[in-house]
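Sequence lines set the chain letters: A, B, ... in the order given, protein chains first and strands last, and positions in each chain run from 1. The shown structure was predicted, so the numbers you read here are calculated from the model rather than taken from an experiment. Computed from heavy atoms alone, side chains included, the values below leave out hydrogens, waters and symmetry copies.
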Number of protein chains: 2
Amino acid sequence: MTALTERKKKILEAVVSNYIETADPVGSRTIARTCRIGLSSATIRNEMADLEEMGYLSQPHTSAGRIPSQKGYRYYVDNLMPPGGPDEEETSAISRSLNADKMREIEQIIISAARVLSSITNHTSLIMGPQYKRSTFRQMRILPLDEKRGLVVLITDTGFIKNKVIELNQSLSPPELQQVVSYLNQKLFGLSIDQVTTSLINELKRDLFRRMELLEQAFILLEESLKEEEQVRVFLGGTTNILNQPEFKDVEKIRRMLSLFEQESLLFKILERNLGKEGVVVQIGTENMVEEINECTLITATYKINNRNLGTVGVLGPTRMDYSRVIGVVRCLVDKLNESLNS
Amino acid sequence: MTALTERKKKILEAVVSNYIETADPVGSRTIARTCRIGLSSATIRNEMADLEEMGYLSQPHTSAGRIPSQKGYRYYVDNLMPPGGPDEEETSAISRSLNADKMREIEQIIISAARVLSSITNHTSLIMGPQYKRSTFRQMRILPLDEKRGLVVLITDTGFIKNKVIELNQSLSPPELQQVVSYLNQKLFGLSIDQVTTSLINELKRDLFRRMELLEQAFILLEESLKEEEQVRVFLGGTTNILNQPEFKDVEKIRRMLSLFEQESLLFKILERNLGKEGVVVQIGTENMVEEINECTLITATYKINNRNLGTVGVLGPTRMDYSRVIGVVRCLVDKLNESLNS
DNA sequence: TATTAGCACTCTAGAACGGAGAGTGCTAAC
DNA sequence: GTTAGCACTCTCCGTTCTAGAGTGCTAATA
């Protein structure tokens, strides 16, 4: 793996940036003309042949221009890419959309973020909703609704609020209920939701059971309301943006992409894998290890609440995307999102 | 507008059902062969020419077969359509998916309904989430979170639970807060959320203000948490199903449909217009009065909780759809949904 | 009078063809 | 090492042609 000469770098950079812009295979003549490198097309042809042999470029067919290979994009992102990002107007659009009406509901903020991200990048955005499991138990309440039912409210340190209607054991008097609830609050406070596992609950149950024999029912319910929270939502923005990309003019490809978007659990896995990685992560083509998006690039970053990695935001588009710009936008958005969520 | 002869009805029925099945314009020969009406293709040709003149059929071009016009479909639905609906297996699939784990969260049930509806019909399903405004106020609680913030919980008779984090006025002591809350509960109980308008709140505020002068803050917050609820969610299922329809093999059409699906408020308007209409409503082509779905048929029905019309469920597909089947499925689904929500 | 057989006509979809244009690789000259 | 020149390849796009399906009309038939 020898390093590229300066000239090869220049040419590779020219091919990639040109192809990003036009989506057409780029020929030697084009490069000779556009970037005023003092070389003839023939020389460039030779260099391009080299670059192809080394795996940075490829040819759709003889007598077409070259397009970057996955390796070519990777080299571009790692070494050649110019700095870029949102301009002031876009930056302030991001800020505005996240702070509008100083909304307090996390979900609203996330949806808003997905929307602005897709509209600025012109790609599809995906944002993993905050992960409940990584939060810390803060308090629990039970509100009686009527004779038979009650509302369990769980609150975490990250502002997550979960409620669930439960059947109440009739034999529980309000004061008894109150007693259980405050006992639980005391015991569970500060534990991460992950730690509030079934086994811990069982332990508590045994402990409490000795003193108050009526309350089994209540525990089953707490257990249930925690268990169910496994599923985390993924919010999408601009799913139709892929239709604007010339590489998706084939209905069959569109179908595959869109049906991917309907599989929330798969999207979740894709995003979760990048949860907690430092900075902005770029996964080009097969690097993301998911067959359905082998022809796409995924750019992700992790957002935090209370200094915990709670979720991932990402942009999905064709490998031919404006890397420097999108990377800059994602970075900007995550920063603002962190500000907004931690204020 | 003279009535159709028996023979014309038979032929129209044959054209429509044939076209629904094959998506190809149907010719006179086909009809002469398939439905064993004792007539030659020439006779059928004459009758079809009549039907075209009367507006029930149309021709994509000379020397193609006929396809039903909007008027033709309408006549078919009103007069000719055979009975149809889900088979036993599908019926039980609907039941199962709505009762699974006897889930109590309305939203979960609705999502589940959207999913099963689209998978059985092979079309896109849209379901309007339950309309908050049409519910009745049941009770309100305020849980203190920390020194500065509290959680307002509103509960309606239809099982709708809304919570919102609010800034608490420091000068409110817990007992004072409690007093306000119970006052409000007493005053608002049983009113429809629609009735709890800003003006009523203002009135209460004046009333209460005389007695307790510190609590203005609390009212602003109640007001806010009600106001925000305007937006109602629309849940979609099977949005990619339209890609399977041959009438949507054009990328441009797909784009228009899909971007319609991203406009939740428009979808909401479409569904809301049919809220409360009796039975299953079929709107063919331009009948639905929305330009974006002029080439589609929308089949809707209203579901209820506590005997109130809370939301609309619908199926959207090309005008060429299996009417009797889809109508039957929608009817079945709404019945089960009502059972499930009111149990 | 209603129905049918026959036939000429129309229109589309798809295959076959051909030329223009873009780009390449190679060779020989600079 | 670089460049000019040239033959070659491949795609794209418009044209032409044919097969096939279906029609409308006319004349014969029951």
**Student:** What's the closest nucleotide to the side chain of A:Thr30 if the choices are C:dG23, C:dG25, C:dG6?
**Tutor:**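 Among the listed nucleotides, the one closest to the side chain of A:Thr30 is C:dG23.
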**Student:** Whole Å only: how far is the CD1 atom of A:Ile67 from the P atom of C:dG23?
**Tutor:** 14 Å
**Student:** Measure from CD1 on B:Ile31 to C1' on D:dT23 and round the result to the nearest Å.
**Tutor:**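 Rounded to whole Å, this separation is 14 Å.
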**Student:** Output the rounded distance in Å from CG (A:Asn18) to P (C:dA22).
**Tutor:** 15 Å
**Student:** Between B:Gln283 and B:Thr297, does any side-chain donor sit less than 3.5 Å from a side-chain acceptor?
**Tutor:** no
**Student:** Using atom CD of A:Gln59 as one end and atom P of C:dT24 as the other, report the distance to the nearest whole Å.
**Tutor:**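 That distance rounds to 7 Å.
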**Student:** Select one nucleotide: of D:dT3, C:dG23, D:dT23, the one nearest the side-chain heavy atoms of A:Ser40.
**Tutor:** D:dT3
**Student:** Atom OH of B:Tyr19 to atom P of D:dG22: distance rounded to whole Å?
**Tutor:** 14 Å
**Student:** Classify the ring geometry of A:Tyr75 against A:Tyr56: parallel below 30°, tilted from 30° to 60°, perpendicular beyond 60°.
**Tutor:**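 Answer is perpendicular, since the angle exceeds 60°.
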**Student:** With distance as the sole criterion, do the side chain of B:Arg29 and the base of D:dG22 form a donor-acceptor contact below 3.5 Å?
**Tutor:**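 For B:Arg29, whose side chain was compared with the base of D:dG22, there is no donor-acceptor pair (under 3.5 Å).
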**Student:** From A:Cys296 SG over to A:Glu287 CD, what is the distance, rounded to the nearest 0.5 angstrom?
**Tutor:** 13.0 Å
**Student:** Determine the contact category for A:Ser28: base if any of its heavy atoms lies under 4.0 Å from a base atom, sugar-phosphate if only primed atoms, P, OP1 or OP2 are that close, otherwise nothing.
**Tutor:**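 Sugar-phosphate contact only.
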**Student:** Round to a whole Å and report the spacing from NE2 of A:His61 to C1' of D:dT11.
**Tutor:** 5 Å
**Student:** By nearest heavy atom, map A:Arg66 and B:Ala42 onto DNA chain C; which one lands nearer the 5' end?
**Tutor:** B:Ala42
**Student:** Round to a whole Å and report the spacing from CE of A:Met48 to C1' of C:dG23.
**Tutor:** 9 Å
**Student:** Rounded to the nearest angstrom, tell me the gap between atom CD1 in B:Ile44 and atom P in D:dG22.
**Tutor:** 13 Å
**Student:** Nearest of D:dC25, D:dT3, C:dT3 to any side-chain atom of A:Leu39?
**Tutor:**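 Among the listed nucleotides, the one closest to the side chain of A:Leu39 is D:dT3.
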**Student:** Consider only side-chain N and O atoms of A:Thr239 and B:Glu262, and report whether a donor and an acceptor are under 3.5 Å apart.
**Tutor:** yes
**Student:** Classify A:Thr62 by what it touches in the nucleic acid, base, sugar-phosphate, or nothing, heavy-atom distance under 4.0 Å.
**Tutor:**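 Sugar-phosphate, no base atom in range.
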**Student:** Taking 4.0 angstrom as the limit, do A:Glu47 and A:Arg7 come out as a salt bridge?
**Tutor:**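 Between A:Arg7 and A:Glu47 there is a salt bridge, with a charged N closer than 4.0 Å to a carboxylate O.
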**Student:** Hey, which sits more toward the 5' end of DNA chain C by its nearest nucleotide, B:Arg7 or A:Asn46?
**Tutor:** B:Arg7
**Student:** Any donor-acceptor pair under 3.5 Å joining the side chain of A:Ser63 to the base of D:dT9?
**Tutor:**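 For A:Ser63, whose side chain was compared with the base of D:dT9, there is a donor-acceptor pair (under 3.5 Å).
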